[in-house]
Amino acid sequence: MTQSNGEGRSVDVVIVGAGFGGMYMLHHLRQLGFAAKVLERGDGVGGTWYWNRYPGARCDVESLFYSYSFDEQLEQEWSWSEKYSPQPEILTYANHVADRFDLRRDIEFETAVDRAVWDDAAAVWRIHTSKGETISAQHYVMASGCLSHSKLPEIKGVHSFRGPTYHTGHWPHEGVDFTGLRVGVIGTGSSGIQSIPLIAQQAAHVTVFQRTPNFSMPAGNRLLTEAEVSSMKADYRAQRQAAKESGFGVPVELPTKSALEVTEEERNAKYEQGWSEGNLVALLLAFTDVITDKAANDTAAEFIRNKIRSIVKDPQTAEDLCPFDHPVGTKRPCLDTGYYETFNRQNVRLVNLRRTPLTEITPSGVCTSEETFEFDAIVFATGFDAMTGALVNVDIEGRDGITLKDKWKDGTRTYLGLMVHGFPNFYTITGPASPSVFSNMMVSIEQHVELIGTILSHLRNNHKSAIEATKEAEDFWVEHNNEAGAATLYPLANSWYMGSNVPGKPRVLMPYIGGVGVYRQECDEIVADNFRGFTMRDARTPAMA
Ligand code: FAD
Ligand code: N01
């Protein structure tokens, strides 16, 4: 029940964020009979798909899988139009879900959470909002997103440009018309790679500033046929189950051979299949060892580099676009539509910042160590303070006054990527050390939401007021996450997975690479084993045991 005790409102659960995580959390808690409120900074639902409205934004997990599975009717009534649907369609889907389940009446928009403090005596969270209100809640869920805290580059003069600047992660709702403009784009991750081809079609000239070339492959995006959609709808239960049991949250045939035990022809034929299908996972799982063995990985990397060389006409530009500094897959690989071809256009130039570093942004443009560029607009495709940014941006104070920011200053520490020792009744959907960004996020979101539902129901049924991860369980999970990561090539890259894109951020592989199927099984076993690794407090006991 939502109540007011004269000192502010009180609800069972406060959820931060109205993306796919927060929306399903709200719906699920309502079904279980809890009173929940969602607080959302933006003025609409959709999270990622509300903010990232840059040209070309679309998913790179096939839409038929990048969608909720929790409601069969929803699944049957909604039809995706494209293999990888564009941002407007995904946002329309989010709005449809919000309407269909009447979610908006419990979402407060344009409301940011700034601070949250655990009141141990009362066993409640006091959650402070940008509107000056304090809401009390027994449980506090951060559904604040892994890729929601955008960041500008650390470049001298970054705020000094006179003309308009845009960050891909909070693009103007009304769109941007680049017609006739000289545009500088900084960043060549997924957002840059998706947007550059479309900006180039419109602008008079585009200069792309690339620090690290990325591995990208053509999405092969296309309209879905009616037959494809209905055949998926007929088989959805089996497909969803396969996704839940898989490694990355999409069903895929598992490899049986090493890349090094087959002939070059056989190897390249397998890579060609992934490339022509526009299927990232198929390429990374073409062989057993692509993401674990450097020599095996080199074969996939060289396959992609040869594709780049075959597409890009100018040999120096082609070579500059070829990634050599990280194994393929260890930075988030990209799916594109005409990215490499864009560098054959007369109005596009690539600047390799490894040769001529960016030195300054000025009122009229950008300077490198060798040149000055004048622009009418600058696009920052410079990414996010991923996985932890949105969490530590809120001043979250747990038991004994410890803050989450302090606790994580040498690296994230969580149990299952879901709860944190010292922070009772606090949950992070797709938090660090869960499969999260190493998966189809819809699968990971649904699993965390349902796990939180199981925990809250258990507490209620057993008259417990609070739950907390033990230090031992957290230590074990941190170690387990690190061991899983160390068995792969991921630590070799300077990626946002490793926190390397934020100066001073501890270098730790944040997501859990064990796979969504294995992780789900681990979680299920913990629940079945009487919530192993958690302590619970009786409603009448004053402090955590
Ligand atoms: P988000 O969608 O990020 O929502 C979090 C919400 O919390 C935001 O609306 C934010 O405003 C709000 N918020 C944060 N902090 C506060 C605060 N303090 N107070 C109030 N509100 C707050 N994943 C895939 O699996 N497949 C894909 O193809 C894919 N494509 C992507 C494309 C782009 C461009 C990006 C950026 C990410 C993509 N992702 C993809 C990852 C994507 O983030 C997730 O799939 C999913 O949308 C995350 O949902 P979420 O609800 O967890 O977080
Ligand atoms: O961000 P990024 P993103 N000087 O961090 C460069 C998801 N997503 O928004 O690599 C010069 O990947 C930086 O260079 P470097 C997906 O999970 C999915 O593109 O650090 N350059 C890099 O090139 C993705 O991984 C889709 O050397 C600077 C770029 O900016 C995640 O979101 C689409 C710089 C940032 O790339 C983030 O993607 C979009 C500087 N000072 C996003 N600072 C799909 O297709 C940064 N850079 C589904």
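One-based numbering along the sequence shown. Start at 1 and go down the list; that is how both ligands and their atoms are numbered.
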Looking at [atom], what's its closest protein heavy atom, distance included?
atom	value
atom 35 (C) of ligand 2	Ala381 O, 3.3 Å
atom 6 (C) of ligand 1	Glu40 OE1, 3.5 Å
atom 32 (C) of ligand 1	Trp49 CH2, 3.4 Å
atom 21 (N) of ligand 1	Arg41 N, 3.1 Å
atom 7 (C) of ligand 2	Leu147 CD1, 3.8 Å
atom 3 (P) of ligand 2	Ser191 OG, 3.4 Å
atom 24 (C) of ligand 2	Ser190 OG, 3.6 Å

Look only at interatomic distance and state if [X] has a nitrogen or oxygen under 3.5 Å from any nitrogen or oxygen of ligand 1.
X	result
Val61	yes
Asp60	yes
Thr48	yes
Gly21	yes
Cys59	no
Cys146	no

Please verify whether a non-hydrogen atom of [X] lies at under 4.0 Å from ligand 1.
X	value
Ser439	yes
Tyr50	no
Tyr84	no

Do the ring centers of [X] and [Y] come within less than 6.0 Å of each other?
X	Y	value
Phe34	His28	no
Tyr68	Phe20	yes
Phe161	Phe380	no

Open item on the list: Would the distance check show the side chain of Tyr140 and the main-chain N or O of Trp118 forming a donor-acceptor pair, the cut-off being under 3.5 Å?
Closed with: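 No: the side chain of Tyr140 does not pair with the backbone of Trp118.
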Within reach of ligand 1, part of [X] (heavy-atom separation under 4.0 Å):
X	result
Ser191	neither
Tyr24	neither
Thr111	backbone

Between the side chains of [X] and [Y], does any donor sit under 3.5 Å from an acceptor?
X	Y	answer
Asn221	Thr337	no
Thr212	Arg354	yes
Tyr24	Glu450	yes
Glu371	Thr356	no

Open item on the list: For atom 41 (N) of ligand 2, which of the options Pro153, Pro357, Gly383 provides the nearest non-hydrogen atom?
Closed with: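 Result: the heavy atom closest to atom 41 (N) of ligand 2 is in Pro153.
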Are [X] and [Y] within salt-bridge range, i.e. N to O under 4.0 Å?
X	Y	result
Glu446	Arg240	no
Lys37	Glu133	no
Glu108	Lys131	no

Task: Location of contacts on Leu353 toward ligand 2, heavy atoms closer than 4.0 Å - done: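 Only the side chain of Leu353 comes within reach of ligand 2.
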Would you say [X] touches ligand 2, if touching means a heavy atom closer than 4.0 Å?
X	value
Lys331	yes
Gln210	no
Leu335	no
Tyr54	yes
Trp496	yes

- [ ] Can you sort out which atoms of ligand 1 are near Ser148, meaning under 4.0 Å from one of its heavy atoms?
- [x]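 Per the distance check, 3 (O).
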Open item on the list: If the test is side chain to side chain contact (heavy atoms under 4.5 Å, CB included), which one of Ile90, Val45, Leu91 qualifies with Tyr50?
Closed with: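 Result for side chain to side chain contact (heavy atoms under 4.5 Å, CB included) with Tyr50: Leu91.
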Task: Heteroatom proximity flag, Arg211 to ligand 2, N/O under 3.5 Å - done: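 Yes: some nitrogen or oxygen of Arg211 is under 3.5 Å from one in ligand 2.
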Open item on the list: For ligand 2, which is the ligand I care about here, please tell me if Thr168 has any N or O atom under 3.5 Å from one of the ligand's N or O atoms.
Closed with: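 It does not: no N or O of Thr168 is found under 3.5 Å from an N or O of ligand 2.
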- [ ] Any chance you could lay out the salt bridge (Lys or Arg N to Asp or Glu O under 4.0 Å) test for Asp60 and Arg332, step after step, and finish with the verdict?
- [x] CA-CA 11 Å; Asp60 66 359; Arg332 177 68 149 68; 2.5 Å; yes
Open item on the list: Suppose I only count heavy atoms of Thr188 and a 4.0 Å limit; which atoms of ligand 2 are within that range?
Closed with: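 Once the distances to Thr188 are compared, the set is 22 (C), 23 (O), 29 (C).
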